[in-house]
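What follows is a short report on a single structure.
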Amino acid sequence: MRLSSSFLPTIKEIPSEAQIASHRLMLRAGLIRQTASGIYAWLPAGLRVLRNISEIVRQEQNAIGAQEILMPTLQSSDLWKKSGRYDAYGPEMLRIQDRHKHDLLYGPTNEEMITDLFGQIVKSYKELPQILYHIQWKFRDEIRPRFGVMRGREFLMKDAYSFDIDYDKAVITYYKMMLSYLRTFQRLGVKVIPMLADTGPIGGDLSHEFIILAPTGESGVFFDADFEEQDWLNMQIDSEDEKALANLFKQITQFYAATDEKHDKSRWDQIPQARRREGRGIEVGQIFYFGTKYTQSMDIAVIGSDGNKIYPHMGSYGIGVSRLVGAIIESSHDENGIIWPDSIAPFKACIINLGVKDEACVSICEKLHQIDPENFLYDDRDERAGSKFADADLMGHPWQIIVGPRSASKNKVEVKRRKTGERIELDVEEVANYISNYNDR
RNA sequence: CGGGGCGUGGCGCAGUCUGGCUAGCGCGCAUGUUUUGGGUACAUGAGGCCCCCGGUUCGAAUCCGGGCGCCCCGACCA
């Protein structure tokens, strides 16, 4: 993509309405524009990030056998009246009437709908287990939206729902999802710690919040440093091997990790000083086992081998996709702008042409652009060097390829790593390899 | 929902208290010159329902009434 003809409006001034870094940077880097309180339009760069995150989430869900569907944003109130949540949900739920005066709502979540859908289709225990998910916009009419997409009213979320024959199988599914989440977040390039969450009236230890570490996070977190060393992606765990999953879960939960509400001083004190990590975090996902709550209230059952009704045990598993964009920026930026993890950056690299009227510069840039025209952003604008650098830093491209008349005559360019600021001069032909083989230490 | 604040070219603001020249300033935008590796300098220019409706007045961005929108603090939340 060429910057000169793109819809990537960066702004120099700090927008007055934005209070926190991620919100300011998202507006300044041209990722989003607000259209109403807590509601945002996603511009090309922002949409690319959203899609990159979604794609990783999708791959890791598919990897554990979850199947993608797409449920609508608007739901009939009927199902919610059946489950009893229509009245319970309160003013957070956006209620709408159609022309026939039929009550509709903009879905804040999809347990009712998926349970009903499941019930229409699955009739026998032989068809279990099932894990279904979708990535869809939701709406919760927050009392006070704030912090940009971190606490918007409309938000993009991956929500998965599982159906198992009994508790023991449901637990296995829960473990699978835990593994999938750990892998997902690692691929997203962020440090996320699962922490025991409140399970409400259901009890047990089967709900975890996934917290991304960021200094401006909403809650304080305490965890064992050993957690940081885990490499989930390179752990060869077969997601069909129940024993391996159970072991993994044991291993994960043996590490201490808690938010300030659940912080246990006595357990904390047993951890060696050197391994104690304290910080702040933002919740970006939650997994939850809730048993037969909906299948029973909505009378959705399958027939068991003995011919009797069985109410499947369910779990639900959310990842706040749009919230992650803000949360990742909170945990990865500096005073100049965003620092995107490679895996989700809107563009892999930005080619900065400092000599748009210089033949050598132009031809080198064109050549570099061909390495990956879709994912290399080419700053071909006739602008000052300073503003190009400032924009590239602001937008947070992992790589900047700087092409100036000085070195272009020697067929050399400068490559800058956004994250570290390290720069290296390379022959034009070396750039593609250098970037694709680069490893962060 | 309680408390506070704001609404004036695309963005950030002044002007409002104390009504009155042609509604200003910085940034951005356009054109030209200049500059050319970290937001250059100068010149010229375009761009305004002063949030909306009603009222007071010879006259309203400014005063009064009503409405809408947005932001901040709190309680709440993925």
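Residue numbers start from 1 in every chain, and the chains themselves are labelled A, B, ... in the order their sequence lines are given, proteins ahead of strands.
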Touch class at under 4.0 angstrom, heavy-atom based, for Gly152(A) against every strand present: base
Pairing partner of rC68(B) (Watson-Crick or G-U wobble, both distances under 3.5 Å): rG7(B)
No-H, no-angle donor-acceptor pair, Arg423(A) side chain to rG38(B) base, under 3.5 Å: yes
Strand partner of rG2(B), provided both Watson-Crick or wobble distances fall under 3.5 Å: rC73(B)
Spacing between Lys388(A) atom NZ and rG39(B) atom C1', to the nearest angstrom: 13 Å
Below 4.0 Å: OP1/OP2 of rG69(B) and any side-chain N or O of Gln34(A): no
Spacing of the C1' atoms in rU31(B) and rC68(B) (rounded, Å): 40 Å
Ring centroids of Phe155(A) and rA78(B) base under 5.5 Å with planes under 30°: yes
No-H, no-angle donor-acceptor pair, Arg151(A) side chain to rC76(B) base, under 3.5 Å: yes
Distance, C1' atom - from rU34(B) to rC71(B), rounded to whole angstrom: 42 Å
Touch class at under 4.0 angstrom, heavy-atom based, for Gly404(A) against every strand present: base
Under 3.5 Å on both distances, the Watson-Crick or G-U partner of rU56(B): none
P spacing across the pair rG2(B) / rG15(B), given as an integer number of angstrom: 30 Å
Selected nucleotide, minimal atom distance to Arg384(A) side chain, candidates rG37(B), rU36(B), rC72(B): rU36(B)
Which nucleotide in rG37(B), rG38(B), rC73(B) has an atom nearest any side-chain atom of Asp393(A): rG38(B)
Residue Glu142(A), side-chain heavy atoms: nucleotide from rC72(B), rC76(B), rG12(B) that is nearest: rC76(B)
Distance between C1' atoms of rA61(B) and rU18(B) (Å, rounded): 15 Å
Whole-angstrom distance between rU62(B) and rG28(B), as gauged at atom C1': 28 Å
Residue Gln97(A) excluded, over 12 heavy atoms near CD under 6.0 Å: yes
Assigned partner base of rA41(B), Watson-Crick or wobble definition, under 3.5 Å: rU33(B)
Sugar-phosphate, base or nothing in reach of Ala36(A), heavy atoms under 4.0 Å: sugar-phosphate
Arg323(A) side chain, from C-beta outward: closest of rC77(B), rG39(B), rG26(B): rC77(B)
Closest to side chain of Lys416(A), choosing from rG12(B), rC29(B), rG38(B): rG38(B)
Aromatic ring proximity Tyr89(A)/Trp80(A), centre distance under 6.0 Å: yes
Spacing of the C1' atoms in rG65(B) and rU56(B) (rounded, Å): 11 Å
Same-atom distance (C1') from rU35(B) to rC17(B), integer angstrom: 46 Å
Side-chain N or O of Arg144(A) closer than 4.0 Å to phosphate OP1/OP2 of rC72(B): yes
Listed nucleotide nearest any side-chain atom of Ser407(A), set rG37(B), rG39(B), rC70(B): rG37(B)
Option from Phe222(A), Phe223(A), Phe227(A) for which ring pair (Phe, Tyr, Trp, His ring centres under 6.0 Å) with Phe255(A) holds: Phe227(A)
Inter-nucleotide P distance (rC1(B), rA41(B)), Å rounded: 49 Å
Minimum-distance nucleotide (side-chain atoms of Glu17(A) versus rG38(B), rC71(B), rC1(B)): rC71(B)
Ile282(A) CD1 - rC77(B) C1' separation (whole Å): 14 Å
Out of rG37(B), rG74(B), rG39(B), whichever nucleotide has its closest atom nearest the side chain of Leu354(A): rG37(B)
Interatomic distance, Lys12(A) NZ vs rC29(B) C1' [rounded to whole Å]: 13 Å
Arg406(A) CZ to rG38(B) P, straight-line distance once rounded to whole Å: 8 Å
Short side-chain N/O contact to rC27(B) OP1/OP2 from Arg28(A), under 4.0 Å: no
Ser37(A) side-chain N/O to rC71(B) phosphate OP1/OP2 under 4.0 Å: yes
Reference residue Ser162(A); test side chain to side chain donor-acceptor pair (under 3.5 Å); the match among Tyr289(A), Tyr133(A), Tyr317(A): Tyr317(A)
Residue met sooner reading RNA chain B from 5', once Pro145(A) and Leu156(A) are mapped to nucleotides: Pro145(A)
Spacing of Ile287(A) atom CD1 relative to rA78(B) atom P, expressed in whole Å: 15 Å
Sugar-phosphate only, base, or nothing, as touched by Ile11(A) at under 4.0 Å among non-hydrogen atoms: nothing
Who pairs with rC13(B) - Watson-Crick or G-U, where each distance is under 3.5 Å: rG24(B)
Side-chain donor-acceptor contact under 3.5 Å, Glu17(A) with Gln34(A): no
Any Thr109(A) side-chain N or O less than 4.0 Å from OP1/OP2 of rA78(B): no
Separation of atom CD in Gln400(A) from atom P in rG38(B), rounded to whole Å: 13 Å
Residue mapping more 5' on RNA chain B - nearest nucleotide basis, Asp391(A) or Arg33(A): Arg33(A)
Rounded interatomic separation in angstrom, taking CD from Gln19(A) and C1' from rG5(B): 12 Å
Flag, side chain of Ser322(A) to backbone of Leu156(A), donor-acceptor distance under 3.5 Å: yes
Reported OH-to-CZ distance for the pair Tyr161(A) and Phe290(A), which is rounded to 0.5 angstrom: 7.5 Å
Donor-acceptor under 3.5 Å (Lys388(A) side chain, Asp379(A) main chain): yes
Interatomic distance, Leu27(A) CG vs rC11(B) C1' [rounded to whole Å]: 11 Å
Reported NZ-to-OH distance for the pair Lys158(A) and Tyr181(A), which is rounded to 0.5 angstrom: 3.0 Å
Touch class at under 4.0 angstrom, heavy-atom based, for Ile402(A) against every strand present: base
